[in-house]
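Remarks on the structure that follows.
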Amino acid sequence: MDGTLRTVRLRAAVPVLPLSAFILVTFIAPLATMLVRSVYDPLVAGAMPETLFLLSEWDGKSTPREAVFEAAVRELLEARQARNLGRIVTRINRVQPGMRSVVMKSVRKLRGISGSDSWRDTLIDMDPAWGEVQTWRAIRRTGERFTMRHYLHALDLDRGPGGGIVRQTPERRIYIPLLGRTLAVSLSITALCLLFGYPVAYLIANASPRWANLLLLLVLVPFWTSLLVRTTSWIVLLQTRGVINDALVALGLIAEENRIAMIYNMTGTVVAMTHVLLPFMVLPLYSVMRAIPPLYMNAAATLGASFPRAFWRVYWPQTQPGVFAGSLLVFILAIGYYITPELVGGRSGQLISNMIAYHMQQSLNWGLAGALSGILLACVFVIYLIYDRVVGIERMKLG
């Protein structure tokens, strides 16, 4: 009997296997890879094991002993022969800015030296930075296989000289303000989508079938249009010499020299993202509203309630599942949006997702990109828990 039941369950699970494999390959595996990279970086530890072993016994208060310099010279030259030196010094430079030029210049000079009575004096003569304590602290920190430095940097923190956690200097505090901006913009876009989407959904739900189909078609048109086309269309409309500014000047509402900057700033980001994400608010609202019998509002009016009172006491509570579902959907999509802010946001309209893309594509600091992604994922998870606690996930209705 147990074997038969097990066979039935296995047969029932077979149709789900392709979807499970797809989710595993396209979502879980990349996400896990990024999270692992945010805390695990074995490159320097694998290339300079002897130097790091000797530095583990170093007190960190004075210049290391001769054996450390000798091991560093040997392993840096070996890394150059293995064509791995560039990646190593990039890692060190992220902890101690300026170390890339120091190491590369020194290694080039070391190629012409066959031996030395004191590698310590040789390196310090090449560049005084080798005699500084923070240089070797940076090498030791970079050599940690498992590290939290990426998360510290993502939170605008760092390790102080004594090993304690301190805040970055004001000019290097980038990510927390950017994360705050991302959350604020996502909340603003969610509120705007609700403000514009609720009347549209109400109109569609209460219109005649002919008009409802037409209005619903207009809502769905953005889904059939390329995201790139929708975004670049706003550039044509909002730019200083664009359609909207030209219309305002032609109507005499603004002077020619007072054209409004509505693109390549936060205004452009909010406008374009609200337009792109509005259907994700309208559709859940519409699916809930069309299930509400019109007789409820008629009954409230018959009992003497005004339309605002009937709406607030009768209609609004019944639409809350759609409001909550649409708001959560729009907010989660907005918090991770990348293409639209990249195209229309300029410098002041960038969000945390653009910084993650920068570290993945240009600076190649995948550890920091993974840490920023992990923090963003944690924020979404906390918001989901708050939503479940306050509203209840079982009240979500998407259709």
Side-chain angles (χ1 to χ4, degrees), residues 154-156 173-202 219 222 227 230-231 234 238 261-289 312 316-317 319-358 371-398:
L155 295 172
D156 290 333
R173 295 172 193 168
I174 302 172
Y175 303 111
I176 291 300
L178 194 57
L179 179 61
R181 180 199 296 175
T182 301
L183 293 173
V185 169
S186 300
L187 287 172
S188 300
I189 291 171
T190 302
L192 288 172
C193 286
L194 179 59
L195 178 64
F196 297 134
Y198 198 98
V200 173
Y202 180 84
V219 172
L227 176 61
R230 281 180 282 166
T231 303
W234 281 109
L238 297 177
M262 295 182 288
I263 202 69
Y264 306 125
N265 52 28
M266 188 54 69
T267 301
T269 296
V270 172
V271 170
M273 287 182 64
T274 300
H275 167 245
V276 171
L277 296 177
L278 186 59
F280 294 96
M281 180 67 74
V282 172
L283 294 178
L285 286 170
Y286 167 70
S287 68
V288 172
M289 288 178 177
W312 187 252
W316 169 257
T319 61
Q320 286 184 359
V323 171
F324 296 141
S327 298
L328 185 63
L329 185 60
V330 169
F331 180 83
I332 291 177
L333 289 172
I335 203 174
Y337 237 58
Y338 161 67
I339 295 178
T340 301
E342 182 72 15
L343 292 176
V344 302
R347 181 166 183 171
S348 63
Q350 299 294 293
L351 304 181
I352 194 72
S353 56
N354 300 103
M355 188 58 69
I356 294 173
Y358 166 78
L372 291 170
S373 302
I375 292 173
L376 191 61
L377 180 64
C379 290
V380 172
F381 185 67
V382 168
I383 291 168
Y384 172 82
L385 292 179
I386 294 174
Y387 176 93
D388 187 36
R389 180 79 174 179
V390 175
V391 178
I393 196 65
E394 68 280 354
R395 296 191 63 190
M396 177 184 288
K397 290 185 180 179
L398 294 174

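Bear in mind that the values here come from a model prediction, so they are computed numbers and not experimental data.
With rounding to the nearest 0.5 Å, the separation of CD1 in I332 from OG in S186 is 10.5 Å. Here the CE-CE distance, from M266 to M273, works out to 9.5 Å after rounding to the nearest 0.5 Å. Considering CG of L155 and CD1 of I375, their distance stands at 4.0 Å, rounded to 0.5 Å. Annotation: the span from I356 atom CD1 to L351 atom CG amounts to 10.5 Å, rounded to 0.5 Å. Here the CD1 atom belonging to I383 is positioned 13.0 Å from the OH atom belonging to Y387, to the nearest 0.5 angstrom. Expressed to the nearest 0.5 Å, how far CG of L333 lies from OG1 of T190 amounts to 9.0 Å.
Residues A272 and V344 come closest through the heavy atom pair CB-CG2, 4.0 Å. Nearest heavy-atom pair across P341 and G349 is CB-O, 3.7 Å. Here the shortest heavy-atom pairing between P317 and P321 reads O-CD, 4.0 Å. The minimum heavy-atom distance between A154 and L372, with the atom names listed, is CB-CD2, 3.6 Å. A pairwise comparison of heavy atoms in P199 and L194 identifies CD-O, 4.3 Å as the closest pair. Here the shortest heavy-atom pairing between I263 and G268 reads CD1-CA, 4.3 Å.
Between Y286 and V219, the closest side-chain pair of non-hydrogen atoms is not below 4.5 Å. Side-chain contact between Y337 and L227 is present, with heavy atoms from C-beta onward closer than 4.5 Å.
Side chain of R389 to main chain of Y384: no donor-acceptor pair is present (N/O by atom type, distance under 3.5 Å, no hydrogens or angles). Using a distance-only test at 3.5 Å, with no hydrogens or angles considered, no donor-acceptor pair links the side chain of Q350 to the main chain of M355. Of the possible polar contacts, one joining the T182 side chain to the I352 backbone as a donor-acceptor pair under 3.5 Å is found. A donor-acceptor pair is defined here as one N or O able to donate and one able to accept, closer than 3.5 Å; no such pair exists between the side chain of S327 and the backbone of F324.
Sorted by first then second residue, the side-chain hydrogen bond (donor to acceptor under 3.5 Å, both in side chains) pairs that include residues 274-283, not counting sequence neighbours, are W234-H275. Residue pairs that meet the side-chain hydrogen bond (donor to acceptor under 3.5 Å, both in side chains) test with at least one member in residues 261-273, sequence neighbours left out, do not exist here.
Scanning for ring-ring contact (aromatic ring centres under 6.0 Å, His included) contacts around W316 gives Y198, W312, with sequence neighbours left out. Listed by chain and residue number, F223 satisfy the ring-ring contact (aromatic ring centres under 6.0 Å, His included) test with F280 (two or more places apart in sequence, or in another chain). Under the side-chain contact (heavy atoms from CB on, under 4.5 Å) criterion, A184 pairs with no residue at all, not counting sequence neighbours.
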Donor-acceptor contacts under 3.5 Å from residues 173-180 side chains, at least two apart:
from: R173; atom 1: NE; to: Q168; atom 2: O; distance (Å): 2.7
from: R173; atom 1: NH2; to: Q168; atom 2: O; distance (Å): 3.1
from: Y175; atom 1: OH; to: H359; atom 2: NE2; distance (Å): 2.9

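Heavy-atom contacts from other residues, nucleotides or ligands closer than 6.0 Å to CG of L377 number more than 12.
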